[in-house]
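Heads up, the thing below is written out as structure tokens.
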Amino acid sequence: MKAIAPILLLAGSAAGQQAAYGQCGGINYSGPTNCVAGYACTSYNPYYYQCVPGTAAPASTSTSKTSTSTAVTTTSTSKSTSSVKTSSTSSVKTSTSTSSSTKTSSTAGPVATGFAKTNGLQFEIDGVTKYFAGTNCYWCGFLTSNADVDHVFADMAAAGFKVVRVWGFNDVNSVPGSGTVWYQYLSASGSQINTGANGLQRLDYVVSSAAAHGLKLIINFVNNWNDYGGINAYVNAFGGSASTWYTNTAAQAQYQKYIEAVVSRYKTSTAVFAWELANEPRCSGCDASVIYNWAATTSRYIKSLDSNHMVTLGDEGFGPLAGGDGSYPYQAGAGGYTWVDNLNITTLDFGTLHLYPDSWGQPYNWGNLWVSTHGAACVAAGKPCILEEYGGTNNCTIENPWQATALKTKGIAGDMFWQYGDTLPSCNCQTSQDGNTVFYNQGNWDCMVTQHVAAINAL
Ligand SMILES: *[C@@H]1O[C@H](CO)[C@@H](O)[C@H](O)[C@H]1NC(C)=O
Ligand SMILES: *[C@@H]1O[C@H](CO)[C@@H](O)[C@H](O)[C@H]1NC(C)=O
Ligand SMILES: *[C@@H]1O[C@H](CO)[C@@H](O)[C@H](O)[C@H]1NC(C)=O
């Protein structure tokens, strides 16, 4: 995920230097190609190079809010997450003190009834089959205050969201101080899954609070990008590269161990909507069979652990597709996989697609073709799909048409904008602003959320 954010950039900088997270290269790009100190110009695809923190610079810090003492979290700079862009290092987030919250209740919600499931080309959630609205909260599981989690989920429920996507990973190669949340330490000489108060107990609270607020979670297991560790953290521990990670025996064994640790905690919780293999997996220069085989193996493994919940891949949608225009995202090399083939893996219950025209060198209105061609493929495969992330500078003129297209496209069963923002009570501070953040009841909230939810409810 994620997108980036040209915007946010801090002001620019002078003389020919691009600001943090600004574009610094790509086809037909004519702006500055050098980045401010601490940032390196990194190519994500032929159309988009971005200034991301240089290797030695975890310090970068955030723009925004930064954390204050308390917890908070959030922030970050960048985007975290996602896609293209982003790579930021993690650093940012998490700050925090453990103190607050500690309590944790773990828990899993009511047992055994009412698991969300597919129903034809849509989803049945709590007995209702219909298009749903949702959003992304990558940082929800990194909050250290239970009251903050409850506040965010209460706001989301009030907004009418049904499904929320959270990061179910937070991988490190060196154990941070006790106040910082991390889930898994990776090392060839002995990895460790953190089930403590600053570990998976934070995710426990997210699951229990989601259950209490009637929300369903998509929980994923690894990041393609370096935020919160990602595939890179496995590569640091087990060797190989981002492309060989999918077939690296030691890395895959640990990845499956981690999956088992998370799945076993919430196997009976009706607050889990689906397990997701990864955030935006790509395999540069690979044959499409690499991701296909990895996705088939991993999803089969998850189904063997848990037959209650749905499983999805988390891919962005790349590769040739009927009706596509042959632009970069529709080319075979864009993600190193063929999305439409992945869709036919029988242990994947539904498909995902993301949409970031800025990062992919496409005009904004191209997004409608992207959504409709994927919807047609979902219909052909007989599975629902979710427009799981989308961002276009948090501008309703740009994004409302995509929402309208998703809503009327058969095969698209829900959409979840990137990303949700809120004000946390513990610090009275705002969560991550990456240029695509829609803050609860502020700015473009009404045209991005309220009106869209009303249109969905009117169906
Ligand atoms: C780049 O600019 C040239 C000249 O304006 C144009 O013909 C071409 O389509 C542009 N390429 C992209 C990918 O936008
Ligand atoms: C799914 O797609 C792959 C790759 O094209 C193909 O080899 C396989 O036969 C397909 N499987 C099914 C069940 O359609
Ligand atoms: C939103 O996008 C439209 C279309 O690209 C543009 O004309 C408008 O200036 C943008 N609004 C803002 C506030 O950036």
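First listed ligand is number 1; within each ligand, the first listed atom is number 1. The structure presented is a predicted model; accordingly, all values stated were derived computationally and were not measured. One is the number of the first residue; the rest follow in order along the sequence.
The two residues Y266 and H309 make their nearest non-hydrogen contact at O-CE1, 3.3 Å.
Considering backbone and side-chain N/O atoms, Y364 never comes within less than 3.5 Å of an N/O atom of ligand 3.
Distances below 4.0 Å separate heavy atoms of N395 from the following atoms of ligand 3: 1 (C), 2 (O), 3 (C), 8 (C), 10 (C), 11 (N), 12 (C), 14 (O).
Look at K130 and E124 and you find no salt bridge, because none of the NZ, NE, NH1 or NH2 atoms lies under 4.0 Å from a carboxylate O.
For atom 7 (O) of ligand 3, the nearest protein heavy atom lies 4.0 Å away or farther.
Judged by distance alone, with hydrogens and angles left aside, the side-chain atoms of T437 form a donor-acceptor pair with the main-chain N or O of D434 at under 3.5 Å.
Between W418 and Y138, the ring-plane angle classifies as parallel under the 30° and 60° cut-offs.
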